[in-house]
J.: 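First the structure, which I've put down as structure tokens, then a few questions once you've had a look.
For the numbers below, each heavy atom of this structure counts, side chains included, while hydrogens, waters and symmetry mates do not. All of these numbers come straight from a predicted model, not from anything done at the bench.
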Amino acid sequence: MNLIENAKKQIDALVHSAYESAAAKGELPADAQLKGIVEIPKGANNGDYAANHAMTAAKALRAAPRKVAEVLTANMDLSGTWFDSVEVAGPGFMNFRLGGKWYADVLENICAEGPDYGRTDALNGSKIMVEFVSANPTGPMHMGNARGGVLGDALAEVLSRAGADVWREFYVNDAGNQIEKFAVSIDMRYQQLILGEDAVEFPEDGYHGEDIIELAKGFRAANGDDWLGKSVEERHEAMAKYGLSVNLPKMKADLERYNITYDEWFYESVLHDSGFVADSVAKLTEQGYTYEKDGAVWLNTSKILGEKLLAAGKTPEDIEKLGLKDDVLRRANGFYTYFAADIAYHRNKFAVRGFDKVINIWGADHHGHVARLKGAMDALGLDGEHRLDIVLMQLVKLMRDGEVVRMSKRTGKAISLSDLLDEIPVDAARWFFNSRPESQMDFDLGLAVRQDSENPVYYVQYAHARICTMLANLASDGMTVPAASDADISLLSTEFERDLIKQLSALPEEIRLAARDYNPSRIGSYVTELSARFHRFYTECRIKGADEATAKARLLLSDCTRRVIENGLSIIGVSAPDKM
């Protein structure tokens, strides 16, 4: 239950009821439309919630906003509500102050919902796919994949807890030019192993990593030297298959180590083998959006995007200045391009599997691809503009002692996801990579392993462990956490206790906003503030030594805080240890 959202709705209902009462008495004109916003003020002096209905309706009610607010508050009945008082402030704000029932309901709600506390039905079961990482299977996963993995996984969890039916997917690019280059690279290293490096020239545009040499050695160990006598086509098909059979399980293992699992690993080759890529290009042709030139089939991207821009109010002159370009879908040699396969893949998501919304986590270098893909979906009648969302993430810089780190201490090579997880805990990696995607990120390796309050993940985990230790120690003295019905929550009346309860109440709203904005970093900020408020409460409000009723209420508040920290950390895939 989202008690913040419900409190706002209750205020809106109170204002409308007060208006009906005032209008019936002739104190305000009847039949006016009363619309306003209810917000949480920044300063405690302005109450717990503030409503601006009197200000927005003043013109229709032909009275000064403050006068309208005074009439409304005079006609307001707060009995049986969450609020103790309402007062008029400034030019006509109505400031509401919460009563004891609301604070009690927060803790009772946490106890009742347990691990499900924070879940809402804001997205009402909508079917959403989040596709993330989708790294090229021709080599190890890098820092961009490490960041994209956390952003995608945490976003998927936020959407799920906001009520969506979420599907996590990894798109495997196991077809096309990059796989052919992968096979050629293994083949050339295989030949060099047998014939000598000087006898075989490695292609300039091949994959030069040590991992290719290891794959060639593995292929040779499994198949011997006889494959030199096979045709180029046979070698490349077998070597690509072998390379993928080694790389994909390793990618899955690295991601599982990172606490990331998928509902499906979807293979590009399926789209080609089933004819779905060809069929998708044919559909675009039927709609009049393709043409042939120099033996190739082109998508008239400039026409698709131009039509959208004209509909948005741009002039032909404005559009011409953009220099829009068309895209090849099928080359003159008959092979379909990566873009054609990408169009088919996204058509499959919408038209075949029926997702209401598709969210892709991409690197910022894919920026130019966004409008083209959305436009292709629009051309297919799939409303890519509104149903396809792309989250672009910026680069990551690894830092140690103020210096940029590019090489692994263990391997001496470019740092991969596996190298990173050898150096820092998974919890730290997931915490730090769960940041706003539009910002370039400096990842401080030294900070990630520090065990003090400067390290935010340690700070939050320590708060959880501190509560667990405290509760265990008190339990050994015979002081156990009571049921919510057995605690007098009205005794939690200090500013430290009420500030902590207010923060506890905010998790459902933070999840809703994180889902709305595609920004799971809100959850990390939330649990950090929750931990800070608990530490202040713990310092100011002692449990041991307090009278029995107060101690029981504070025990319940501490246990509720423990539960909510654990719930928040679980959203971003970080553990909540009992001891540290």
Side-chain angles (χ1 to χ4, degrees), residues 129 131 134 136 171 173 175-181 205 268 271-272 274-353 355-394 437-438 518:
M129 176 196 282
E131 183 222 320
S134 296
N136 194 325
Y171 182 47
N173 303 125
N177 282 343
Q178 81 277 5
I179 295 299
E180 176 61 19
K181 186 164 70 171
D205 65 344
E268 179 186 347
L271 298 170
H272 289 281
S274 66
F276 199 73
V277 177
D279 184 70
S280 298
V281 172
K283 293 289 185 187
L284 289 166
T285 300
E286 290 172 12
Q287 298 298 319
Y289 286 115
T290 68
Y291 61 90
E292 291 192 27
K293 185 177 76 172
D294 301 329
V297 175
W298 293 70
L299 180 67
N300 200 336
T301 309
S302 56
K303 178 183 176 183
I304 294 170
L305 298 184
E307 289 175 349
K308 290 177 66 175
L309 291 168
L310 282 172
K314 296 290 184 181
T315 66
E317 292 75 18
D318 292 332
I319 296 170
E320 187 175 353
K321 291 176 184 177
L322 295 175
L324 300 175
K325 296 180 180 179
D326 297 338
D327 296 285
V328 177
L329 296 178
R330 192 184 68 214
R331 299 185 181 90
N333 62 9
F335 290 102
Y336 289 96
T337 62
Y338 178 83
F339 187 43
D342 213 18
I343 290 171
Y345 175 46
H346 285 80
R347 178 186 167 217
N348 170 275
K349 293 179 182 183
F350 291 120
V352 176
R353 290 189 279 169
F355 289 101
D356 301 310
K357 176 83 74 174
V358 168
I359 304 167
N360 296 341
I361 312 294
W362 286 354
D365 56 333
H366 288 76
H367 179 270
H369 193 53
V370 175
R372 297 158 60 219
L373 185 57
K374 282 176 171 273
M377 294 301 102
D378 288 340
L380 288 166
L382 297 172
D383 193 12
E385 187 60 36
H386 298 101
R387 296 174 68 194
L388 174 61
D389 287 336
I390 312 294
V391 176
L392 295 173
M393 60 178 182
Q394 298 297 323
E438 69 272 14
Y518 297 170

J.: In a table with atom names and distances, give each donor-acceptor pair under 3.5 Å that connects a side chain of residues 332-341 to protein atoms at least two apart or in another chain.
T.:
| unit_1 | atom_1 | unit_2 | atom_2 | d |
| --- | --- | --- | --- | --- |
| N333 | OD1 | F335 | N | 3.0 |
| T337 | OG1 | V328 | O | 2.9 |
| T337 | OG1 | L329 | O | 3.4 |
| T337 | OG1 | A340 | N | 3.2 |

J.: Just jot down the salt bridge (charged side-chain N to carboxylate O under 4.0 Å, His left out) partners of R330, sequence neighbours excluded, or say none.
T.: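 R330: no salt bridge (charged side-chain N to carboxylate O under 4.0 Å, His left out) contacts found.
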
J.: Please check this pair: side chain of K303 against backbone of Y289, looking for a donor-acceptor N/O pair closer than 3.5 Å.
T.: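 No; zero donor-acceptor contacts below 3.5 Å.
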
J.: Just jot down the ring pair (Phe, Tyr, Trp, His ring centres under 6.0 Å) partners of Y345, sequence neighbours excluded, or say none.
T.: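 Per chain and number, Y345 pairs via ring pair (Phe, Tyr, Trp, His ring centres under 6.0 Å) with Y171, F266.
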
J.: Salt bridge (charged side-chain N to carboxylate O under 4.0 Å, His left out) with D327: which residues, sequence neighbours excluded?
T.: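 Scan of D327 (salt bridge (charged side-chain N to carboxylate O under 4.0 Å, His left out), adjacent residues dropped) gives R372.
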
J.: Would you say D326's side chain and T301's backbone share a donor-acceptor pair under 3.5 angstrom?
T.: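 Between the backbone of T301 and the side chain of D326 there is a qualifying donor-acceptor contact (under 3.5 Å).
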
J.: Looking only at side chains, do H366 and N360 share a donor and an acceptor under 3.5 Å apart?
T.: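 Their side chains do not contain a donor-acceptor pair, so the 3.5 Å distance test is not met.
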
J.: Got a sec, which residues hit salt bridge (charged side-chain N to carboxylate O under 4.0 Å, His left out) with E292, two or more places apart in sequence or on another chain?
T.: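 Per chain and number, E292 pairs via salt bridge (charged side-chain N to carboxylate O under 4.0 Å, His left out) with no residue.
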
J.: Sub-3.5 Å donor-acceptor pair from the side chain of K349 to the main-chain atoms of K357, do we have one?
T.: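 A pair under 3.5 Å: no.
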
J.: Closer than 3.5 angstrom, by distance alone: can the side chain of D378 be matched with the main-chain N or O of E385 as a donor-acceptor pair?
T.: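 Between the backbone of E385 and the side chain of D378 there is a qualifying donor-acceptor contact (under 3.5 Å).
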
J.: Mind checking what makes ring pair (Phe, Tyr, Trp, His ring centres under 6.0 Å) contact with H367, not counting sequence neighbours?
T.: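 Checked H367 against ring pair (Phe, Tyr, Trp, His ring centres under 6.0 Å); zero matches.
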
J.: Hey, does the side chain of Q178 reach the backbone of N136 with a donor-acceptor pair shorter than 3.5 angstrom?
T.: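 A pair under 3.5 Å: no.
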
J.: State plainly whether the residues R347 and D279 are in salt-bridge range, i.e. N to O under 4.0 Å.
T.: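 The answer is yes: the pair qualifies as a salt bridge.
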
